[in-house]
Amino acid sequence: MRRIVLMVLRLFYIAPYYLFRIWRYGKKEPHNYEEAYAYIKKVTKRANRAGRVIIESHGLENLPKDDGFILYPNHQGLFDGLVFLESCPRPFAYVTKKEARNIVLLKQVGDALGVLAMDREDIRQSMQVINQLAEEVKKGRNFLIFAEGTRSKKGNQLLEFKGGSFKSATKAKCPIVPCALVDSFKPFDEKSIKKVTVKLTYLPPLYYEEYKDMKTHEIAEEVKRRIEVEIERQTAKET
């Protein structure tokens with residue numbers, strides 16, 4: 001949390017203006033997601049620099065040529081979203097838990113990007129979100145989903161990937177992009193403000209033809225396997 005305080009202190013003079021601009025993007029009708037994303041990306045880069053975090057991204061060439069795909073990364077910590085907002089060149093929204101939807105800043109960013117909130121205790125509402133997400137992806141919007149459901153709190157080790165997280169992808173018949181985060185837990189979960197590097201690799205996507213005959217739990221296992229292989233490769237470089 002010390003790094004969050006550092007970010008706030010170093011951007012204190014300009015933060016209210018950033019928040020106001022993001023709030024206004026969320027109020028515009030119709031929403032211009034590309035314009036909103038570009039601005040939020042700019043603010044994110046500045047926040048990360050203020051927090052002394054370096055983002056090292058790989059595999060951008062693996063992103064599908066056309067929009068209408070879903071990113072599936074491992075979930076390490078509160079900083080994960082900022083890694084994608086800085087590194088991903090293509091606008092995306094994400095699925096968040098209902099409890100986080102009304103937190104200041106997260107709410108404004110969510111409104112601007114068209115984020116979907118899921119109540120994991122309400123099966124009916126969850127299915128509505130899954131169906132809505134699939135329809136949005138069919139229209140050419142990109143999304144990010146954390147298939148573990150919650151951050152692992154085990155550093156670079158992964159939790160089980162939930163098969164239900166892939167229902168939207170199978171309904172939309174869209175590309176699934178596995179994404180490997182390394183050391184993303186360090187910026188906000190460690191009690192340090194030393195300069196830190198977070199790595200993100202966009203892995204080759206699974207296209208519908210590849211996974212159409214697989215059950216969702218099998219897709220989840222395969223995506224998790226690919227991410228674990230990449231994390232092992234990245235961490236081996238450091239030893």
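Predicted, not measured: the structure shown is a model, and the values here were computed from it.
- Taking the six-membered ring for Trp and thresholds of 30 and 60 degrees, Tyr39 and Tyr18 have ring planes more than 60 degrees apart, a perpendicular arrangement.
- Ser184 contributes no side-chain N or O that, together with a main-chain N or O of Val198, makes up a donor-acceptor pair within less than 3.5 Å.
- For the residue pair Glu35 and Asn32, a side-chain donor N or O sits within less than 3.5 Å of a side-chain acceptor on the partner.
- One finds no salt bridge joining Lys224 and Glu160 here, because no Lys/Arg side-chain nitrogen approaches an Asp/Glu carboxylate oxygen to under 4.0 Å.
- Counted by atom type alone, Tyr37 and Arg90 present zero donor-acceptor pairs between their side chains at under 3.5 Å.
- Ring to ring, Phe92 and Phe69 are not that close: their centroids are 6.0 angstrom or more apart.
- Donor-acceptor pairing under 3.5 Å is recorded for the side chains of Gln76 and Asn156.
- A chain of hydrophobic side-chain contacts below 4.5 Å, direct or via other Ile, Leu, Val, Met, Phe, Trp or Tyr residues, connects Leu11 to Tyr17.
- Classified by interplanar angle (parallel below 30°, tilted 30° to 60°, perpendicular above 60°), the ring pair Tyr211/Tyr208 is perpendicular.
- Between the side chains of Ser87 and Tyr202, a donor-acceptor pair is found at a separation under 3.5 Å.
- Contact check on Arg225 versus Glu222 returns a salt bridge, with a Lys/Arg side-chain nitrogen under 4.0 Å from an Asp/Glu carboxylate oxygen.
- Separation of atoms CG (Leu106) and OH (Tyr94) is listed at 5.5 Å; rounding is to 0.5 Å.
- Between Asp183 and Thr197, the closest side-chain pair of non-hydrogen atoms is not below 4.5 Å.
- Between Glu210 and Arg226, at least one side-chain N (NZ, or NE/NH1/NH2) sits under 4.0 Å from a carboxylate O, which counts as a salt bridge.
- Using a 4.0 Å cut-off between charged side-chain N and carboxylate O, Arg151 and Asp80 make no salt bridge.
- Between Arg233 and Glu230, at least one side-chain nitrogen of the basic residue sits less than 4.0 Å from a carboxylate oxygen of the acidic one, meeting the salt-bridge criterion.
- Looking at Arg141, its side chain never comes within 3.5 Å of a backbone N or O of Glu136 through a donor-acceptor pair.
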